[in-house]
Amino acid sequence: MLTRGAIFGLGLLVLAACGDDAASPGDGGKAATGSTSASTSSSGGAGGAGGMEPFVPLPEVEGLSVLEDLSPDPHVLEVSLFARASTAEIVTGSTTDVLTYNDLLPGPMLHARVGDRIVVHFTNQLAEPTTIHWHGLRISDQMDGSPLIQNPVQPGESFTYDFVVPDAGTFWYHTHLHQIEQFERGLYGAIVVHEKDAPAFSRERIFVGDDVRLTAANQIAPFQTSGPDIGMGRVGNRLLMNGKEHPAKITIPRGAIERWRFVLATNSLAFDARVTGADVRVIATDGGLLPAPFVLDRINVAPGQRYDLEVRPRADADEITLEALILQLDENDQVVEVPFPLIQATVEGEVTTPEPIYPAITLPATDVEAPLIDWRLAGGVVDGEVQFTINGVPAFVGEGHEHVLLNTFQPNVPVKVRIKSDVSPRHPFHIHGQFFQILERAGQPVNEPGLRDTVHVQGAESVTVLSYFENPGRWMVHCHISEHSENGMMADIQVGEPTANHQH
Ligand code: C2O
Ligand code: CU
C-alpha cells in the first residue's frame, strides 16, 4: 500500500463544505436541464435548433478570448482549433514553454446556446498524438474524445468534432491523452453554454483556475514517475487564474449583480473557496442552474468541477476577493489553512441592476428506489510501481490494453453508486457523458444540490451518488487526477445496448 508519507504531500486535505440557507428559486422560464427525458439529441451532426424564435445574441462573457465563428448560421458555432507548442506569459515579464490550443492559455472559450451545434475543426500540430474531451457535455460517445473510442489524432492530422449541446452550463475541454504531461502543460479551455432564457446579469465572467509547477527559470518542472507526485497527483507551486499567476484583477461597480463562472482545471489541487466583500449565492453546478440558488460560506472545489456564483458587492465593501483556502504544513508540521486570493475586484462606480430572473429548473427525483452498486477506489504498489484500481482492477488506454467494462446500465433507470476510497488519497471522480446528484457521504445524507459530473471523494470516505444514466453509449469513468487515471484508476461503463461503432 501507499505509505502515509507518500500520500500526505503539501496542501492536500480539504474540509468539506456544508450549509443550506436555500433562497428563493426565482420564477418564470422553462426547465433547462436535467429532466429525465433530456437525453441527447446529438449523434454528431444533426443541425442546430433552427426554428421560429427571433435570434437573441448571446450575453457577453468576459475573461477569455473567443474564436471567430466560421458559420453564418446563428445556431451553429464552427471554429478551427489547433494544438501546438507555444509560449505563455504566466509570470509577468517571463516566458514559459507550454502546449496550447490556438496559442492561448487557457485555450479559447467556446460559447454557444443550448441546442446549438458545435463544429470544431481540430488539427494536431503537436509532436505527439492527442484527443479532445468535452468535459460535461452529454454528447455522443463518438465525439467525446475518449481514447477508448476515438483513435487519437496523430501529429499533423485533423479531426472534426461535431455535436449538438444538450445542456446549458459551464463546461470545459481538455486533452484526454498522455494527460499527465499534456494537461499540465496547458491543453485545456472553457465552454460556456447559455440557457435559452438566460437570466440577465450586469456582467458575466469566466474564471479558469489552475496550478502549475515551475522551475526557477519559470519553465514547467520535470515530471516525476514515482513518489508523492504519483501517490497524490502533482501539485503546482504557482496558482493561475485564466492562465496568469494569481490573482486576477478586475473592477466591479456597486449595485452590480454578476455571474461568475468558475472552472477548476488543476490536476490534483482542491480547496475551499470563499468570497469576501460580496453577497454570494451558488446558482449552478457542473450540470447547470440549480432549482434554487443557495448560500455557502465556502465551497469545496475539486479538479474538474464548476460552480457559477451570483455576486453582489456589499454596500460597505471597497474590494471583493475570491480566495482559495489551501491547506499546507507549517514549520511544526501542523496543517494550516492559507488564503490565496484568486480574484481581486475593486469596487468602483455604481449601477442599478434588475433582479435576475432564473428559469424554473426541475432536477430528476432522488427519493426513488434504486439499486445500489459499489465502486471501490484503491491503490498500491505492484512490482515496484504505484498502481490504482477500481473494484480491484486497473485499466489503461493504449496499445495492447483491454478495456475494462465495469457496469452496464439501462438508460433512464436510476442507480445509486457508492464510490468509496479505500486509501487516503482524494479522488475527484468523473463520469463521462452523464450527470448525477450527490446523496450521501459516509452513509449520511448531505445537502450538496445540483447536477454533477465530478464528485470529490475524500480519503477513506464513501460518497453515494444517483444517476439516471440518460445518455446511451460507452463512457469512461475515472479519477480526474491524471496520475491516478493514467496509472489505472479508469474504467468503462456501457449505457444501453453496445454498438459496434468504436473506431478501434
Ligand atoms: Cu475531464 Cu475523462 O475527463
Ligand atoms: Cu484519484
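Just so you know, these numbers use all the heavy atoms, side chains as well, and skip hydrogens, waters and symmetry mates.
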Considering only heavy atoms from C-beta outward, does the side chain of [X] approach that of [Y] to under 4.5 Å?
X      : Y      : answer
Leu105 : Thr96  : no
Val165 : Ile118 : yes
Ile431 : Trp475 : no
Arg474 : Ile149 : yes
Phe294 : Pro449 : yes
Thr408 : Phe469 : no
Asn267 : Val212 : no
Val56  : Arg113 : yes

Between Tyr188 and Trp134, ring centroids under 6.0 Å: no
Between Phe159 and Tyr161, ring centroids under 6.0 Å: yes
Side chain to side chain contact (heavy atoms under 4.5 Å, CB included) between Thr170 and Ile191, worked out: CA-CA 6 Å; Thr170 304; Ile191 305 171; over 6 Å; no
Side chain to side chain donor-acceptor pair (under 3.5 Å) between His456 and His427, worked out: CA-CA 6 Å; His456 196 194; His427 303 291; over 6 Å; no
Steps toward side chain to side chain contact (heavy atoms under 4.5 Å, CB included) verdict (Val76, Asp116): CA-CA 6 Å; Val76 179; Asp116 284 356; over 6 Å; no
Gap between atom OG1 of Thr353 and atom CD1 of Ile257 - 0.5 Å precision: 5.0 Å
Rounded distance (nearest 0.5 Å) linking atom CD of Gln458 with atom CZ of Arg426: 7.0 Å
So [X] and [Y], would you call those rings parallel, tilted or perpendicular, with 30° and 60° as cut-offs?
X      : Y      : value
Phe122 : Tyr101 : perpendicular
His480 : His174 : perpendicular
Phe183 : Trp172 : tilted
Phe207 : Trp260 : perpendicular

Partners meeting salt bridge (Lys or Arg N to Asp or Glu O under 4.0 Å) with Asp453 (sequence neighbours left out): Arg306
Residues forming a salt bridge (Lys or Arg N to Asp or Glu O under 4.0 Å) with Arg312, sequence neighbours excluded: Glu310, Glu355
Residue that, paired with Arg84, satisfies side-chain hydrogen bond (donor to acceptor under 3.5 Å, both in side chains) out of Thr100, Asn102, Asp103: Asp103
Worked verdict on Asp211 versus Thr266 for side chain to side chain donor-acceptor pair (under 3.5 Å): CA-CA 5 Å; Asp211 67 340; Thr266 53; 4.9 Å; no
Worked verdict on Thr130 versus Gln182 for side chain to side chain contact (heavy atoms under 4.5 Å, CB included): CA-CA 8 Å; Thr130 193; Gln182 287 189 5; 2.8 Å; yes
Residues Arg261 and Asp308 bridged, charged N to O under 4.0 Å: yes
Test: Arg234 and Glu483 ion pair at under 4.0 Å: no
Polar side chain donor-acceptor pair, Ser80 to His121, under 3.5 angstrom: no
Residue of the set Met489, His176, Glu486 for which side-chain contact (heavy atoms from CB on, under 4.5 Å) holds with His478: His176
Identified side-chain contact (heavy atoms from CB on, under 4.5 Å) partner of Val61 from the options Arg203, Arg205, Glu204, Arg259: Glu204
Side chain to side chain contact (heavy atoms under 4.5 Å, CB included) assessment of Phe396 paired with Val404: CA-CA 9 Å; Phe396 306 90; Val404 176; over 6 Å; no
Check against salt bridge (charged side-chain N to carboxylate O under 4.0 Å, His left out), Asp162 and Arg117: CA-CA 7 Å; Asp162 188 338; Arg117 176 178 167 199; 2.7 Å; yes
Where Asn242 and Val208 come nearest, the two heavy atoms and their spacing: OD1-N, 2.7 Å
